[in-house]
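Keep in mind that what you see is a predicted model, and the values were worked out from it rather than measured. In each ligand, atom 1 is the first atom listed, and ligand 1 is the first ligand listed.
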Amino acid sequence: MGARLGVIGAGYLGATQAACLAELGHDVVAADVDAAKVKALDAGVLPFFEPRLADLLYRHTSSGRLRFTTDLAELADHADVHFVCVGTPQRPDGAAADTSHVFSAVADLVPRLTRATLVVGKSTVPVGTAAQLGELCDRLAPPGVAVEVAWSPEFTREGHAVDDTLTPDRLVFGLTSTAAERTLRGIYRGLLDADVPVVVTDPATSELVKLAANAFLATKLSFANALAELCEAAGGDVLALTKALGYDLRIGHRYLAPGLGFGGGCLPKDLRALTASAADVGAEEAFAFLDHVDRINTRRRQRTVALALEECRGSVLARRVAVLGAAFKPDTDDVRDSPALDVAARLHLQGADVAVYDPRANVTAARVVPALTYVDDVEAAVDGAHLVLHLTEWTEFASLDPHRLHALVAEPRILDARNTLDAERWRRAGWSFRSLGARNNGHRVGPDVLAPAP
Ligand SMILES: NC(=O)c1ccc[n+]([C@@H]2O[C@H](COP(=O)([O-])OP(=O)(O)OC[C@H]3O[C@@H](n4cnc5c(N)ncnc54)[C@H](O)[C@@H]3O)[C@@H](O)[C@H]2O)c1
Ligand SMILES: O=c1ccn([C@@H]2O[C@H](COP(=O)(O)OP(=O)(O)O[C@H]3O[C@H](CO)[C@@H](O)[C@H](O)[C@H]3O)[C@@H](O)[C@H]2O)c(=O)[nH]1
């Protein structure tokens, strides 16, 4: 028998959580302040792109096991466990996360409660947030209503969110009572029975686990990209280097792919949030190095723009630049802090005529950078182009036919900023092919690169 659960915030994280909690057998009501989003979700229509989620949403809204509302009173009535999934974007000062949505969501909910309730934070927050929310709940809860705040951060990746939620690497429960532990173990029984590891700890540690995980991934990525810088300068092949490194099981190949660097709504902001959290408690020295991690990452975007200028003989003014990819990574329509869109916008500012094609993110990208031209397919993007940039490694780009595209461009030049295209295939079709930080940026790097094209 499933539990009756509430979910607050129905964006990328919350909508996925709500649908997956329904999939685990629970009866879920999810709330959001965005009425249009709620209307679409409640009709079983996913207002963003996430593989597998549309099916799950449709199935569970149709069966009545999942509903959406703008009214927190409905949640308060429905459930006594609520998962907080609202946004925590970076504050305009560029460092700490803005937790105001978390506080206002909880402040809206708690006065409406009529019985003992567990509030489980899933949003990514600075350390100490759960404790402050606990104090807020004590102040706002109706007399005789006990509210406990726990934190169970979420580690899902966009593009894999359903699989990551239903078969996670681990669960983390940060809580203050055995009753809360019992409740969470009950809700996730399906996963725990499948031997998903669980770490039970206090809320502060649990908040830190999340920031630490993202900062670690960002650091690994920037290490790979620092090696790319070194290889470019020294004439090495960063792809061979990271391949060799990754076979060491202590290092591993994942999050070691050099290229345009990381973006999205999480890694960049959480990296800065960990630095800010450390500074708040007087431990800023411990994470001073994260500033370099951030800067290495930003340099990948600058380097891509510089290479594009170089390819266009010093200026992109009035040059047609085809941009393949706008999302911050494949399999999502999310363009938050997207390296691809950032590079496209920078080239536009330099006077280029930029035509963008992304299989899923044209609409979201156009909302953020409306000045670019968005087209419906690769052919339209490369038509008359002086330079093609491969900026987001969608699978469909790996199988493009370079011969066919050669006939459409003004100049057959491509820059692969993600290092996933087959350079030799493009060269054989007559293209000038460069890749970011990897082989062949003017360096003689190995016999396979020097081999003449057949
Ligand atoms: N996107 C991911 O894959 C992912 C994964 C793990 C953790 N996170 C974390 O989850 C949180 C949410 O991220 P997201 O990507 O889903 O953001 P998002 O912007 O897609 O969604 C946030 C949602 O919260 C809603 N909201 C804001 N204030 C509200 C309120 N007072 N009451 C109800 N709803 C409210 C917004 O309307 C929006 O729909 C962040 O802390 C993020 O760091 C995200
Ligand atoms: O080898 C790699 C792997 C990733 N990336 C880039 O790194 C960024 C982040 O990728 P990914 O981690 O897959 O995306 P997110 O969906 O943002 O997921 C991260 O952020 C989420 C929100 O906090 C966490 O839940 C996840 O565990 C964490 O991986 C993207 O721009 C990728 O292009 C690379 O450049 N090279």
Side-chain angles (χ1 to χ4, degrees), residues 6-17 30-38 41 47-48 50 68-72 75 82-90 97-109 121-126 129 152-161 164-165 168-169 207 209-211 213-218 220-225 228 242 246 252-271 273 297 300 325 327-332 334-340 342 364 391-393 417-420 436:
V7 172
I8 311 176
Y12 286 93
L13 174 68
T16 308
Q17 284 297 309
D32 200 289
V33 286
D34 182 334
K37 197 179 270 188
V38 163
L41 287 165
F48 55 88
E50 176 62 44
F68 291 86
T69 179
T70 50
D71 184 2
L72 282 181
L75 259 72
H82 298 282
F83 291 87
V84 178
C85 298
V86 301
T88 51
Q90 191 170 300
D98 173 0
T99 53
S100 61
H101 300 296
V102 173
F103 281 90
S104 68
V106 172
D108 277 356
L109 175 76
K122 294 213 72 81
S123 302
T124 304
V125 292
T129 303
S152 176
E154 188 54 52
F155 303 94
T156 49
R157 294 159 300 161
E158 288 176 25
H160 306 267
D164 284 355
T165 308
D169 291 341
E207 292 162 335
V209 171
K210 174 67 199 184
L211 293 180
N214 275 358
F216 187 88
L217 293 170
K220 191 173 178 189
L221 283 170
S222 278
F223 189 84
N225 283 323
T242 49
H253 284 116
R254 296 178 77 189
Y255 285 82
L256 203 59
L260 185 48
F262 58 81
C266 293
L267 256 52
K269 88 167 161 68
D270 293 346
L271 179 70
N297 192 53
R300 302 323 290 154
F328 81 97
K329 65 170 187 176
D331 299 317
T332 180
D334 195 345
V335 296
R336 283 179 285 187
D337 202 352
S338 165
D342 188 15
T364 42
L391 302 184
T392 309
E393 70 278 29
R418 290 294 181 179
N419 293 312
T420 54
L436 187 64

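Near Lys210, meaning under 4.0 Å from any of its heavy atoms, are these atoms of ligand 2: 21 (C), 22 (C), 23 (O), 24 (C), 25 (O). In the vicinity of Cys266, heavy-atom distances shorter than 4.0 Å reach the ligand 2 atoms 20 (O), 21 (C), 22 (C), 23 (O). Counting atoms of ligand 2 from 1 in the listed order, those under 4.0 Å from a heavy atom of Leu256 are 1 (O). Every atom of ligand 2 with a heavy atom of Leu267 under 4.0 Å away is listed here by number and element: 9 (C), 19 (C), 20 (O), 28 (C). Every atom of ligand 2 with a heavy atom of Glu154 under 4.0 Å away is listed here by number and element: 25 (O).
Contact annotation: for Asp270 versus ligand 2, heavy atoms closer than 4.0 Å belong to the side chain alone. Only the side chain of Arg418 comes within 4.0 Å of ligand 2, judged by heavy-atom distances. Contact annotation: for Asp164 versus ligand 2, there are no heavy atoms closer than 4.0 Å. Heavy atoms of Thr332 found under 4.0 angstrom from ligand 2: none, in either backbone or side chain.
Inclusion of Ala257 in the set of residues having an N or O under 3.5 Å from an N or O of ligand 2 is warranted. Looking at Asp270 next to ligand 1, no N or O pair under 3.5 Å apart turns up. Geometrically, ligand 2 and Leu217 share no nitrogen or oxygen pair separated by less than 3.5 Å. At least one N or O atom of Lys37 sits closer than 3.5 Å to an N or O atom of ligand 1. The shortest N or O to N or O distance between Glu158 and ligand 2 is below 3.5 Å. When only interatomic distances are considered, the shortest N/O to N/O separation between Arg336 and ligand 1 falls below 3.5 Å.
Distances from ligand 2 to the non-hydrogen atoms of Gly261 include at least one value under 4.0 Å. Contact between His160 and ligand 2 is absent, with no heavy atom of the residue lying under 4.0 Å from the ligand. Using a 4.0 angstrom heavy-atom cutoff, Lys269 counts as in contact with ligand 1. Residue-ligand proximity: Ser104 is placed with a non-hydrogen atom under 4.0 Å from ligand 1. The shell of residues lying under 4.0 angstrom from ligand 1, judged by heavy atoms, includes Cys85.
For atom 7 (C) of ligand 1, the choice among Leu72, Thr124, Val125, Val84 with the nearest heavy atom turns out to be Thr124. Taking only non-hydrogen atoms, the option from Val33, Asp164, Thr165 nearest to atom 32 (N) of ligand 1 is Val33.
If you check which protein heavy atom lies closest to atom 11 (P) of ligand 2, you get Tyr255 OH, 3.3 Å. Among protein heavy atoms, the minimum distance from atom 41 (O) of ligand 1 is reached at Thr88 OG1, 2.5 Å. Closest to atom 6 (C) of ligand 1 among all protein heavy atoms lies Glu154 O, 3.3 Å. The protein heavy-atom contact nearest to atom 23 (C) of ligand 1 is Asp32 OD2, 3.6 Å. Scanning the protein for heavy atoms near atom 20 (O) of ligand 1, the closest one is Tyr12 N, 3.1 Å. Atom 7 (O) of ligand 2 has its closest protein heavy atom at Phe262 CB, 3.3 Å. For atom 10 (O) of ligand 1, the closest heavy atom belonging to the protein is Leu13 CD2, 3.0 Å. Among protein heavy atoms, atom 22 (C) of ligand 1 sits closest to Gly87 N, 3.4 Å. What sits closest to atom 21 (C) of ligand 2 on the protein, heavy atoms only, is Thr156 O, 3.4 Å. Considering only non-hydrogen protein atoms, atom 4 (C) of ligand 1 sits nearest to Cys266 SG, 3.9 Å. Nearest non-hydrogen protein atom to atom 1 (N) of ligand 1 is Glu158 OE2, 2.9 Å.
Side-chain N or O atoms of Lys210 include none that pairs as donor or acceptor with a backbone N or O of Asp270 at under 3.5 Å. Lys220 contributes no side-chain N or O that, together with a main-chain N or O of Leu256, makes up a donor-acceptor pair within less than 3.5 Å.
Here the closest non-hydrogen pair linking Glu158 and Asp334 is OE1-OD2, 2.7 Å. Between Val86 and Ala105, the closest heavy-atom pair is CG1-CB, 4.1 Å.
Heavy atoms from other residues, nucleotides or ligands lying under 6.0 Å from CZ of Phe155 number more than 12. Residue Phe216 qualifies as open at atom CZ: its count of foreign heavy atoms under 6.0 Å is 12 or below.
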Check: Please walk me through it: do Thr420 and Glu393 pass side chain to side chain donor-acceptor pair (under 3.5 Å)?
Finding: CA-CA 7 Å; Thr420 54; Glu393 70 278 29; 5.8 Å; no
